[in-house]
Amino acid sequence: MVKKLLITAMMVATIPIVAEVTVELSKDEISEIGRVTLTIRLDGIPPRDEPDFSALDDYFDVEKNRIRDQRIINNQYISSVTWILTLRPKRVGEFKIPSFEIGSFTTEELTLTVVPLSDEIKEKLDQEVFWITKVDRQEQYVHGGIHVERKLYYSNNVTLVRMGRRGGIPAPDDVDDAHIVNLGNQNDDWAPRNGRTYRVYTQEFVIFAEKSGTLSLPQTSVTANIDIDDGSVTAAVHTESHELTILPRPEEYPSGSPWLPASNVVISDDLGELNLSNLVVGESFSRQITIEALDSFSTGIPGIEMELPDGMRSYPTNPDFRNEILGNKIIGSRTDEHAFVVTRAGEYRIPDTQLVWWNTDTKQVERSIIPGRTFIVGAGSAANAAGNNVAGNTRPQVQGVSALDGANVIVYKTPLYMLVLMITGIVLMVTSIGLLGGFAFIQGRRRNRATTKSVEDINLETLLKSKSSRDVKEGMLRWLTIKLHISRVNAILLLQKHPTTAVALRRVNDQQYSTSSEVAQLDRNEIKRALKEIEQEVQRQRSHTTTFWQFYQPT
């Protein structure tokens, strides 16, 4: 009997009270810099899924908090879940707080009125904290880059209470049908404006639209406490809305060519530098083509297609993509390397090829030509040996004679003194050849060491001493890629980290892409010294740990 009563008591204690949901606004009317609390409480069994409050995001900045309470009071199990939403309006007007589905319940709709501030107070607040947004172009072609700069100005009367995760301006949110590259140039500085001095946060990013039409820049906001008129207000300060026009691919662009919009394109090719004079059948050589496009993302750069003559085969490697920052621009680059193998002797011609691209500044089709090259492939040693037996070979042939064939055999006898002279001569000749060979071997090794050094180092030093800033940049990259056996991407990362080479790289890029009319002043000796320092540092790190080397591997 006692056992039955205990079970009954437990069942009664676990029966929940009747479930219900309530919703309440702390205020029905607030100013445009005010805030209001929306409280939703569910008594009873909590829902399996969280309610969807995303309908509020169009009109409010929302902060969510969830509280769950479970208790047994007077043998009754009480469970409740409370959602507390702090709402800061994004604009003035009368807004409907929509109904929300919570489990099997639906909340009722509420109305909130957001009234504007007086012009006097609004002007005062606008002088204390505000955003300035600059866009380098109001319209751009699809896949073309648009540079955006945001600056947040705030006075000593302002305390920023809600920023990004790392204390700076919140990173730009994702935009549908667009790719955003954050340049990461956030900083805290001072600047004069309107006769006052403000602290300034700066943020820069480049946006690449993937669809034509109208594009709205992603908005962001910070929460600030503002001291004004012997009081303090808390307000969410928003970036202004900004609409951009994204143009489609123009009709005059060749239909069979991959789409490449850019403000400038530079192509480098090493085919003309290759030594193909002694190439024979079966040997291979590699050709590297690098395409650099200003205001274009690397993965959007197409590869170069070429038709090869019969007797040649091509084996491409995976392309190397990278993106560099040039001031407020992005340089996307793609490097393709092809290994070529010739299968028969003769004269070959790698034809000229062209890259078609759209100049977003001049709004016209451009064509960059990549020159080809003619060269001759020899037959090789195996083919030459076989050629000795073909018709027309005039070298005398020696026929063997055997006594078994019935022919007369003539035997000559050589005098003894002749044999002695012959043996002595052979000994002297072998000794002389040995001495000369040893001397030549030693000299050859010395020459080989000097030649090995000159082939690598002299060519690099020639590039570094060149009057062309582009050659200097190539020399710096080759120095690190050859001596450290790393990719060009890793070489650029190393150059950007060293102060001397970073300055040289920026000046070379400015001149190469015509962003500056000044001639790049480069100290070749300082650059060479810096390259040696980078080389020594990497080698030292490699000998002590692997983490440094792993850090510079491409991702």
Problem set entry | Expected output: side-chain Thr239 to main-chain Thr220 donor-acceptor under 3.5 Å | yes
Problem set entry | Residues, nucleotides or ligands: over 12 heavy atoms within 6.0 Å of Glu252 CD | yes
Exercise. Could you state the interatomic distance from CD (Glu533) to CG (Leu494), rounded to the nearest 0.5 Å?
Worked result: 13.0 Å
Exercise. Is the closest basic N to carboxylate O distance between Arg529 and Glu526 below 4.0 Å?
Worked result: yes
For this session: Ignoring hydrogens and angles, tell me if any N or O in the side chain of Arg193 forms a donor-acceptor pair with the backbone of Tyr153 under 3.5 Å.
Result: no
Problem set entry | Heavy-atom check, side chain of Val472 versus side chain of Arg524, under 4.5 Å | yes
For this session: Inspect the surroundings of CD in Glu305 and state if more than 12 heavy atoms from other residues, nucleotides or ligands are less than 6.0 Å away.
Result: no
For this session: Taking the side chain as every heavy atom from C-beta outward, state whether Ile146 and Asp136 have any atom pair closer than 4.5 Å.
Result: yes
Problem set entry | Spacing of CD1 belonging to Ile301 relative to CG belonging to Leu260, to within rounding of 0.5 Å | 6.5 Å
Problem set entry | Step-by-step side chain to side chain donor-acceptor pair (under 3.5 Å) determination, Glu210 to His179 | CA-CA 7 Å; Glu210 299 174 351; His179 176 62; 5.3 Å; no
Problem set entry | Partners passing side chain to side chain contact (heavy atoms under 4.5 Å, CB included) against Asp336 (at least two apart in sequence or in another chain) | Pro319, Arg334, His338
Exercise. About how many Å separate OG of Ser368 and CG of Asp269, when rounded to the nearest 0.5 Å?
Worked result: 12.5 Å
Exercise. Is there side-chain contact between Asp361 and Arg137, with heavy atoms separated by less than 4.5 Å?
Worked result: yes
Exercise. Hey, are the side chains of Arg367 and Pro254 touching, using non-hydrogen atoms and a 4.5 Å cut-off?
Worked result: yes
For this session: Give a yes or no answer on whether the side chain of Asn359 reaches the backbone of Glu366 with a donor-acceptor pair at less than 3.5 Å.
Result: no
Exercise. Between Ile370 and Met306, is a side-chain contact (heavy atoms from CB on, under 4.5 Å) present by the stated rule, with each step listed?
Worked result: CA-CA 10 Å; Ile370 306 173; Met306 66 189 77; over 6 Å; no
Exercise. Roughly how far, to the nearest 0.5 Å, is CG of Asp189 from OH of Tyr201?
Worked result: 11.0 Å
For this session: Please examine the side chains of Leu244 and Gln138, heavy atoms only from C-beta on, and report whether any two atoms are closer than 4.5 Å.
Result: yes
Exercise. Roughly how far apart are Phe130 CZ and Leu152 CG, rounded to 0.5 Å?
Worked result: 9.0 Å
Exercise. Distance-only, no hydrogens or angles: does the Ser298 side chain make a donor-acceptor pair with backbone N or O of Ser333 under 3.5 Å?
Worked result: no
Exercise. Are the charged groups of Lys363 and Glu139 less than 4.0 angstrom apart, N to O?
Worked result: yes
For this session: Run through Leu183, Asp295, Leu294 and flag the one making a side-chain contact (heavy atoms from CB on, under 4.5 Å) with Ile330.
Result: Leu183
Exercise. Between Thr317 (side chain) and Glu337 (backbone), is there a donor-acceptor pair under 3.5 Å?
Worked result: yes
Problem set entry | Trp131 vs Glu240 side-chain heavy atoms within contact, under 4.5 Å | yes
Exercise. Just by distance, do the side chain of Glu149 and the backbone of Lys134 share a donor-acceptor pair under 3.5 Å?
Worked result: no
For this session: Before giving the answer on ring pair (Phe, Tyr, Trp, His ring centres under 6.0 Å), spell out for Phe375 and Phe340 the whole-Å C-alpha distance, their side-chain angles and the decisive distance to 0.1 Å.
Result: CA-CA 13 Å; Phe375 57 95; Phe340 297 94; 8.7 Å; no
Exercise. Hey, would you say the Tyr253 and Tyr141 ring centroids sit under 6.0 Å apart?
Worked result: no
For this session: Answer whether the closest heavy-atom distance between the side chains of His143 and Ser296 falls below 4.5 Å.
Result: no
Exercise. Taking everything shown except Arg313 itself, do over 12 heavy atoms lie less than 6.0 Å from its CZ?
Worked result: no
Exercise. Between Asp176 and Lys211, is there a side-chain N and carboxylate O pair less than 4.0 Å apart?
Worked result: no
Problem set entry | Inter- and intrachain pairs under side chain to side chain donor-acceptor pair (under 3.5 Å), touching residues 270-281, at least two apart | Glu273-Arg478, Asn275-Ser277
Problem set entry | 4.5 Å side-chain heavy-atom contact, Leu215 and Ile207 | yes
Seminar exercise, completed: Taken to the nearest 0.5 Å, the spacing of Ile246 CD1 from Gln140 CD works out to 7.0 Å
